[in-house]
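Input: a single structure, listed below in structure tokens.
Just the heavy atoms: all of them, side chains too, but no hydrogens, waters or symmetry mates, feed the values below. Nothing here was measured: the structure is a model prediction, and the numbers come from that model.
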Amino acid sequence: MRQTFEHLLGLPTEAALAVLSASGITQVSVVPTAAPSHAHSDFRRSEEGEAQGYASTRVVAVHDDGRTLYVSRFLTGKPEEGAHA
């Protein structure tokens with residue numbers, strides 16, 4: 001029987017990797033995806049913006065029996081508590 005991974009959809013990348021690791025799946029490829037670019041660059045969609053709490057990288061698709069995660073960065077709207085602007 002083929003295992004499904006729908007429970008990983010929407011999870012932050014690190015959380016999904018932890019769930020897979022706990023299931024014995026450790027060599028996972030993480031493939032970033034992106035929405036079409038906007039006319040202006042938004043630093044909140046960058047790694048720096050994510051580190052400051054403006055965005056979160058989430059799982060949008062799972063392939064190859066959990067060995068490939070497709071992720072995309074979503075804006076959260078406000079920084080996490082304790083983040084510096």
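- Criterion: ILVMFWY side-chain heavy atoms under 4.5 Å apart, direct or through other members. Under it, V60 and L9 are not part of a common hydrophobic cluster.
- Every residue two or more places apart in sequence or in another chain was checked for a salt bridge (Lys or Arg N to Asp or Glu O under 4.0 Å) with R58, and none qualifies.
- In this structure, the separation between CG on L75 and CD on E50 is 10.5 Å, given to the nearest 0.5 Å.
- Listed for the T33 side chain is no donor-acceptor partner under 3.5 Å among the backbone atoms of Y70.
- S56 OG to E14 CD: the interatomic distance, rounded to the nearest 0.5 Å, is 10.5 Å.
- Summarising the geometry, atom CG belonging to L11 is positioned 13.0 Å from atom OG1 belonging to T57; distances are rounded to the nearest 0.5 Å.
- If you chain together hydrophobic residues whose side chains sit under 4.5 Å apart, L17 and V31 never meet in one group.
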Residues V28, R67; criterion side-chain contact (heavy atoms from CB on, under 4.5 Å); working and verdict: CA-CA 4 Å; V28 178; R67 300 227 181 313; 5.5 Å; no

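- Rounding to the nearest 0.5 Å gives a distance of 5.5 Å between CZ of R73 and CD of E47.
- With T76 contributing its side chain and Y54 its backbone, the two residues share a donor-acceptor pair below 3.5 Å.
- When the options V62, T26, L69 are evaluated for a side-chain contact (heavy atoms from CB on, under 4.5 Å) with L20, the one that passes is L69.
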